[in-house]
Amino acid sequence: MRLSSAFVPTLKEVPSDAVIPSHILMLRSGMIRMVGAGIYSFLPLGYKVIQIISEIIREEMNAIGGQEFHLPALNPRELWEATNRVEAFGDTMFHIKNRDYVLAPTHEEIMTFHAKGVVKSYKDMPQIWYQIQTKFRNEARPRGGVIRGRQFLMKDAYSFDTTWENLDAAYDLHDKAYRNIFDRCGLKYFVVGASSGAMGGSKSEEFMVRSDAGEDTVAHCESCGYAANIEVAQSVTSRAERKSESKDIYNISTPNVKSIDELCEFLKINERETAKSRVYIHNGAPVLILMSGNDEVNETKLGAILSGNIRPAHPEELKEITGADAGSIGPIGLKGRIIADNRIKSANNLYSGANKNDFHIGGIDFDRDVKNIEYFDLRIIQSGENCARCVATIDVFKAIELGHIFKLGTKYAEGLGANFVDENGEEHPIIMGSYGIGVDRVMACYIEQNFDERGIIWKKPLAPFDIHLIGLNMKKESIVETCNDLYLELQENGYSVILDDRTDASAGFKFNDADLLGMPIQIVVGEKNLNQGKIEIKLRSTNEKQIVELNHLFEKLKELK
RNA sequence: CGGGGCGUAGCGUAGCCCGGUUAGCGCGCCUGCUUUGGGAGCAGGAGGCCGCAGGUUCAACUCCUGCCGCCCCGACCA
């Protein structure tokens with residue numbers, strides 16, 4: 001590719017609507033352009049990366065026996081009614097106005113439709129079918145450039161099996177293939193066990209990449225690999241120690257003291273000596289939740305403990321239930337269920353609300369004063385806490401979901417009537433798995449992990465070109481000739497090359513563009529070096545530069561490879 | 001969908017509060033000359049329904065109303 005005639009519209013300034021690094025850099029490097037909120041065009045350079053990633057995915061999918069399909073994005077709505085997913089998707093599904101069609105947000109239905117009546121004997125399985133295509137979702141709020149779009153490129157695979165054991169095998173194959181794919185892409189990722197949500201099905205794993213631009217918050221242990229969504233991440237923080245002497249309970253006048261911080265300030269105590277109260281309504285009945293100090297209640301964990309309907313109590317209800325407003329509530333004298341976090345299990349000498357405005361109670365001993373108290377892990381885990389599995393500490397950060405594999409089961413086969421006949425002539429629904437990768441997300445995530453203040457840093461596997469060849473003064477005959485020769489020679493030797501042969505761009509301009517585009521190796525042909533038969537090689541990742549004899553270039557490149 | 005912000009030339013922006021010249025600047029673009037190892041210099045030039053519609057006014061980029069679009073936070077996210 002010659003930059004003088006290529007469409008690579010680089011931007012010197014940061015477009016005002018881009019905020020996260022990958023979005024900014026994809027725009028600035030001329031790889032994408034926005035057409036509408038969450039709708040992007042991939043320009044030649046960007047599409048090249050998409051194709052490279054797709055090819056890696058294709059190779060790994062084919063290696064586990066996957067067969068590639070090309071499916072319609074336009075689907076009869078009927079097909080989606082059969083599995084109840086028109087309703088399930090709701091507003092996030094695009095509906096065509098002048099036909100009874102929808103734009104496919106994923107392809108379980110279509111794939112199952114093709115399996116139905118064709119994959120009908122146990123002898124026809126296993127099958128792994130996949131596609132790499134555009135999907136459409138009417139996202140309420142697109143964000144992060146290509147990371148959450150209304151239209152995006154996805155690799156979706158579906159497995160068809162006769163038994164749950166065989167599904168396990170298909171699942172494991174995908175798990176391995178996904179690791180190969182993300183490894184080959186040079187991504188630093190980790191795997192989180194997750195609930196499969198509205199997709200239905202049982203076991204699932206998410207492949208995540210750490211990024212401030214992420215939409216999920218996860219807890220991860222570098223040491224043992226434990227990773228979980230913050231909503232379910234186990235907290236094993238050390239417990240408050242029980243003091244040898246238990247004081248008697250006593251009332252304290254605490255005018256205008258509401259928050260834990262105010263209470264600690266007022267009494268000159270540590271927050272660990274306090275028990276914070278939250279009241280929830282569970283199936284119509286109040287439940288008091290006690291947390292240590294300012295620890296937050298993790299409502300997902302609470303929901304897992306108390307099945308049914310749970311919501312925080314309204315201010316009026318608080319008064320009615322406890323006799324006090326928020327800020328003065330506590331366990332002493334309160335009827336009803338009381339649940340406390342493990343962190344303050346069997347603690348004593350605690351301070352909490354008195355259920356009377358402007359009063360707190362000190363000297364509370366849970367073992368002595370709060371009968372029928374129950375203890376659970378209710379905290380939201382925080383960075384630096386101990387890992388639940390090993391001795392290392394947990395890191396909590398934002399992450400982007402790149403891939404998701406899960407065992408679907410028979411939901412779609414049942415919905416659409418895709419059955420097969422087993423060895424005994426009995427009919428069963430096909431057992432399916434579903435496995436997705438956000439292709440444009442892979443690209444964005446790679447960039448999120450590989451950039452500096454000058455631009456993108458591509459490494460070999462995903463780089464749109466191996467070498468950025470820069471001719472500094474393209475009005476000098478010798479430089480033009482050398483560049484043209486090298487351009488061809490390098491390609492003949494298997495390197496992909498982008499040649500900056502622009503006559504009107506100054507040296508600095510070309511250097512900056514090269515750093516922005518970020519090809520792994522830059523080769524600079526300039527007059528001074530060339531007069532001595534030399535050229536310069538620069539590595540984008542380390543900024544390491546060396547002057548090399550022109551006729552030793554290929555040996556040098558081999559060393560670098 | 002709730003909250004906040006923004007919309008002025010291809011990009012980044014000033015002006016708007018407090019209405020009144022020909023809407024200004026930087027980058028980019030075009031022409032010419034010079035320049036070519038870290039975002040070149042000089043000279044000349046083109047490019048604007050100031051998001052759209054309505055209203056107020058002698059007069060609207062500026063004030064008011066409605067709509068549209070985009071960004072951020074939240075809700076949501078197979």
Side-chain angles (χ1 to χ4, degrees), chain A residues 9-20 23-24 27-28 30 33-40 80 83-93 104-109 135-145 147-150 152 154 156 158 194-201 204 206 213-217 229 231 400-401 403-406 408 411-412 434-438 441 454-455 470-476 478-480 500-516 522-531 534-536 538 543 545 547:
Chain A
T10 56
L11 258 24
K12 206 186 316 194
E13 283 169 296
V14 177
S16 62
D17 21 328
V19 175
I20 66 168
H23 188 196
I24 291 171
L27 285 168
R28 286 193 56 213
R33 282 291 117 103
M34 185 176 82
V35 177
I39 307 172
Y40 289 85
W80 289 77
T83 50
N84 248 327
R85 290 177 98 205
V86 174
E87 199 192 337
F89 269 101
D91 198 44
T92 57
M93 180 182 263
T106 172
H107 281 83
E108 279 81 4
E109 276 75 2
K135 316 248 169 177
F136 300 85
R137 285 184 204 175
N138 185 22
E139 295 293 349
R141 175 146 100 87
R143 69 183 86 187
I147 287 173
R148 178 167 293 276
R150 295 214 166 108
F152 53 95
M154 190 153 168
D156 244 6
Y158 304 92
S195 68
S196 43
M199 288 303 294
S204 84
E206 287 175 343
E215 300 176 291
D216 296 294
T217 305
N229 194 296
E231 289 177 357
I400 298 173
E401 179 188 346
H404 197 165
I405 57 176
F406 42 108
L408 280 181
K411 175 184 160 92
Y412 296 93
S434 166
Y435 319 88
I437 293 178
R441 273 190 184 181
R454 312 188 63 80
I470 303 171
L472 284 188
N473 183 352
M474 291 302 280
K475 283 175 182 162
K476 282 275 182 300
S478 57
I479 294 181
V480 173
D500 193 343
D501 56 346
R502 292 174 295 183
T503 51
D504 53 350
S506 67
F509 198 92
K510 291 185 177 187
F511 288 137
N512 282 310
D513 260 3
D515 287 343
L516 173 62
Q522 295 174 14
I523 298 179
V524 183
V525 182
E527 204 176 354
K528 281 178 210 155
N529 285 325
L530 190 60
N531 285 343
K534 291 176 178 169
I535 50 166
E536 180 182 294
K538 177 181 142 179
N543 206 30
K545 295 170 196 167
I547 313 287

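Here, B:G24 and B:C49 have their P atoms 15 Å apart, quoted to the whole Å. Atom P of B:G3 sits at a distance of 13 Å from the matching atom of B:G66, rounded to the whole Å.
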> Checking side chain to side chain contact (heavy atoms under 4.5 Å, CB included) for the pair A:Arg33/A:Tyr40: CA distance, chi angles, key distance, verdict?
Replying inline: CA-CA 6 Å; A:Arg33 282 291 117 103; A:Tyr40 289 85; over 6 Å; no
>> For a side chain to side chain contact (heavy atoms under 4.5 Å, CB included) check, start with the C-alpha distance between A:Thr83 and A:Glu108, then their side-chain angles and the critical distance, and finish with the verdict.
In response: CA-CA 10 Å; A:Thr83 50; A:Glu108 279 81 4; over 6 Å; no
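Counting heavy atoms from C-beta on, the side chains of A:Lys538 and A:Asp515 come closer than 4.5 Å.
Both stacking criteria are satisfied for A:Phe511 over the base of B:G38: a centre-to-centre distance under 5.5 angstrom and an angle between ring planes under 30 degrees.
Using a 4.0 Å heavy-atom distance criterion, A:Lys545 is classed as a base contact. Using a 4.0 Å heavy-atom distance criterion, A:Lys475 is classed as a base contact.
Searching all strands for a Watson-Crick or G-U wobble partner of B:A40 with both distances below 3.5 Å returns B:U34. Nucleotide B:A75 forms no Watson-Crick or G-U wobble pair with any nucleotide shown, as no partner meets the under 3.5 Å limit on both distances.
Between A:Glu215 and A:Met474, the one whose closest nucleotide on RNA chain B sits nearer the 5' end is A:Met474. Map A:Ala505 and A:Glu13 each onto its nearest nucleotide of RNA chain B; the residue landing nearer the 5' end is A:Glu13.
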